[in-house]
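Written below as structure tokens is the structure these notes are about.
In this chain, residues are counted from 1 in sequence order.
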Amino acid sequence: MTAAAASAGEPVFTHVVAREETLIALSRRLLADPRQWPQLQQHNRIADPRRIPVGTVLKIPVRLLAAEPVPAQVLSAAGAVTGPQGVAVAAGQALPQGARLLAGDGGQATLQLVDGTVLRLRSGSVVQVETSRRLPRAGGALSGVKVEDGQVEVQAHKRPGAGVPGFQISTPQGLLGVRGTEFRVSVDARAETTRNEVLEGQVMTEGRDGRAGRSVAAGFGVVVDRSGTVTPPVRLLAPPDVSAWPVLHDQLLVRFAVAAQSAAVAFRGQVAAAADPQFDRVLADVRTEGTELRFAGLPDGHYLVRVRAEGLQGLQGLDARHAFTLKARPEPPLPILPGAKAVLSGQRLELAWATVEEARSYRLQLARSEDFSAPLQDRRGLTEPTLTFDGLDSGVYFWRVASERSATDQGPFGVAHRVELRPLPVPPPPPRIDHDGVRLAWEGQPGQSFDIEFARDPAFAMLELARRVEQPVLSVKMPGTGRYYLRLRARDADGFVGPYTAPQAFTVPNCLRDGQQRCVGAADGGSVLISP
């Protein structure tokens, strides 16, 4: 037996006549109404219905065969999916012939037809079950749907009998006839366009009103425009290269870099659970005209992502698949102290961070390098969101924190935070005081400038003098005699201003100068006479 089509385009069942078979006997066995055997005689131009040559190929219009309706079955439904009368559809529900299924915004459903064909409706798809009948006498079944809008992925079941017509899809623009194949069909209701992308087998794609069709082989696709014209098949774009994609992600926003591909105008990525290799339920669906696919809102778990390129005609290419794991929770805490790229003075480093509701404890690392290849400190199980280190050398440090649900469930580390410790300023030696004034000299670093302040009280409530110098020396006349306090601070070349030194006291004495001796102040408030 072989399949054929009637002249009018209606599906037919073919039967090869065996010995002693008559047209009347065959009609009783196969037709819903055996009395319609004259139609078979006329259709096949048989002269004698009682004497048919062995091997004659009989063409029987499917509409005449005995058939019984069998509803399609909803295998899965997620999101906004409705059936007849707008009622929500659930897995296991039957859809009789003529029923419409609508996958609304974010909705998707998997439907199995009477012949075993599986349809996966993506968000925004509208499908009507046009044909769903079993042929109990001929063997096999008849199935077909109308795709009114959206995208449907099809795994057409291989037909059990050679004479039974294959599964068919109709769209507002054309008709797709298939026999055991895998393909995608998308209908853009606004643009009045149908696209067919064949992944396995062959699909006969015809325009409406019987316009000339084209046989589309695996790896090719066609477009049917609003007039029903079928474009010549074009090769689908190759799968994108995903060989360098990471298998572990620890950020809430999952990112995949997509390499540029010749003739590609966009890329489409879809994510499903690792246990769902058929993508019955797409958890995220992203289209980008850029170079990066981004998926947000996924819970921690194991996933599959498939990505395909899109060409100029809107035809989507072959899939590349990649397995990955997302472990982004519990989320790392946000830093509180010190601030971003902080510069501090001294050997003490105080760290603080916000608390995370899911965290029972925290893990902190301190290192000299941003990659934390050799951490100086690695503290686990910290129950308080603070930690202080003393006695640290000057230099640049990096620190990061992770949240812990338990000793065996740690979330990712947060970003590395940079902090620099600079040495405290060295207190200046006691000033030298003579008839020329107060003279100071202290240690400094190249490129530093200095602020020096003088006051009568250690709190420096009112300044007597203030100077800024570019070198670590100062000579200045004081406004009077008596007790003074001084302090200084350094300004680094990059703008960092260090702390003031501790106040130091000195006294400018009121003593006689007789030309033979001079009076020198001491830091402790006394005075010393030094011979010239």
Side-chain angles (χ1 to χ4, degrees), residues 244-257 292 294 296 298 300-301 324-426 443-448 489-499:
W245 283 9
V247 297
L248 177 63
H249 291 261
D250 59 7
Q251 301 297 312
L252 295 177
L253 182 62
V254 178
R255 302 170 181 262
F256 290 107
E292 188 177 65
R294 303 173 188 177
L298 295 173
D300 288 354
F324 71 95
T325 297
L326 176 62
K327 182 65 172 80
R329 301 168 181 86
E331 297 177 47
L334 296 174
I336 296 178
L337 292 175
K341 298 181 180 180
V343 180
L344 308 175
S345 297
Q347 296 179 304
R348 185 181 182 88
L349 178 57
E350 297 180 352
L351 304 176
W353 55 92
T355 57
V356 176
E357 187 174 353
E358 290 183 79
R360 191 192 71 176
S361 59
Y362 305 92
R363 179 183 180 185
L364 182 142
Q365 289 184 332
L366 181 71
R368 284 286 201 175
S369 61
E370 197 170 2
D371 62 2
F372 291 84
S373 56
L376 302 174
Q377 297 285 338
D378 192 347
R379 304 285 186 90
R380 299 172 185 263
L382 300 172
T383 56
E384 295 297 326
T386 59
L387 190 61
T388 300
F389 297 102
D390 285 306
L392 296 177
D393 294 334
S394 299
V396 173
Y397 292 86
F398 296 91
W399 65 286
R400 63 182 184 179
V401 186
S403 299
E404 297 174 324
R405 285 197 187 101
S406 67
T408 58
D409 186 4
Q410 175 193 308
F413 279 106
V415 297
H417 308 289
R418 184 184 189 276
V419 60
E420 182 179 354
L421 294 183
R422 296 185 181 178
L424 289 169
V426 178
E443 295 182 8
Q445 301 295 322
Q448 286 183 326
R489 66 183 179 184
R491 291 178 175 268
D492 291 347
D494 61 4
F496 173 73
V497 180

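Atom NE2 of His249 and atom CG of Leu326 lie 8.0 Å apart (nearest 0.5 Å). Note that CD of Glu384 and CH2 of Trp353 are 9.0 Å apart. Values are rounded to the nearest 0.5 Å. One distance of note links NZ of Lys341 with CZ of Arg418; it measures 7.5 Å at 0.5 Å rounding. Taken to the nearest 0.5 Å, the CG atom of Leu337 stands 8.5 Å off from the CG atom of Leu351. Expressed to the nearest 0.5 Å, how far CZ of Phe413 lies from CZ of Arg400 amounts to 4.5 Å. Summarising the geometry, atom OG1 belonging to Thr383 is positioned 10.5 Å from atom CD belonging to Glu404; distances are rounded to the nearest 0.5 Å.
Here the side chains of Asp371 and Phe398 are not in contact, with every heavy-atom distance at 4.5 Å or above. Using a 4.5 Å heavy-atom threshold, the side chains of Asp492 and Gln445 count as separate. Put simply, the side chain of Asp378 reaches to within 4.5 Å of the side chain of Arg363, judged on heavy atoms. Between Glu358 and Glu331 there is no side-chain heavy-atom pair separated by less than 4.5 Å. Residues Leu387 and Trp399 are not in side-chain contact: their nearest non-hydrogen atoms beyond the backbone lie 4.5 Å or more apart. Using a 4.5 Å heavy-atom threshold, the side chains of Arg368 and Asp393 count as touching. For the pair Leu424 and Gln347, the minimum side-chain heavy-atom distance is 4.5 Å or more.
Taking every heavy atom of both residues into account, Pro499 and Pro425 meet most closely at O-CG, 3.5 Å. Nearest heavy atoms, Arg422 versus Val343: NE-CG1, 3.4 Å. Contact between Ser345 and Gly498 at its shortest, heavy atoms only, is OG-CA, 4.1 Å. Of all heavy-atom pairs spanning Pro338 and Glu350, the tightest one is CD-O, 3.7 Å.
Partner Pro412 forms a side-chain contact (heavy atoms from CB on, under 4.5 Å) with one of Pro330, Pro332, Ser403 and no other, that one being Pro332.
Aromatic pair Tyr397/Phe389: centroids not less than 6.0 angstrom apart.
Using a 4.0 Å cut-off between charged nitrogen and carboxylate oxygen, Asp250 and Lys327 do not count as a salt-bridge pair.
Annotation for Glu292: atom CD counts as buried by contact number, over 12 foreign heavy atoms lying within 6.0 Å. Heavy-atom neighbours of Leu253 CG from other residues, nucleotides or ligands within 6.0 Å: above the threshold of 12.
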Could you walk me through whether Leu366 and Arg379 pass the side chain to side chain contact (heavy atoms under 4.5 Å, CB included) test, one step at a time? CA-CA 9 Å; Leu366 181 71; Arg379 304 285 186 90; over 6 Å; no

Under the ring pair (Phe, Tyr, Trp, His ring centres under 6.0 Å) criterion, do Phe256 and Phe324 qualify, and how do the steps go? CA-CA 11 Å; Phe256 290 107; Phe324 71 95; 5.3 Å; yes

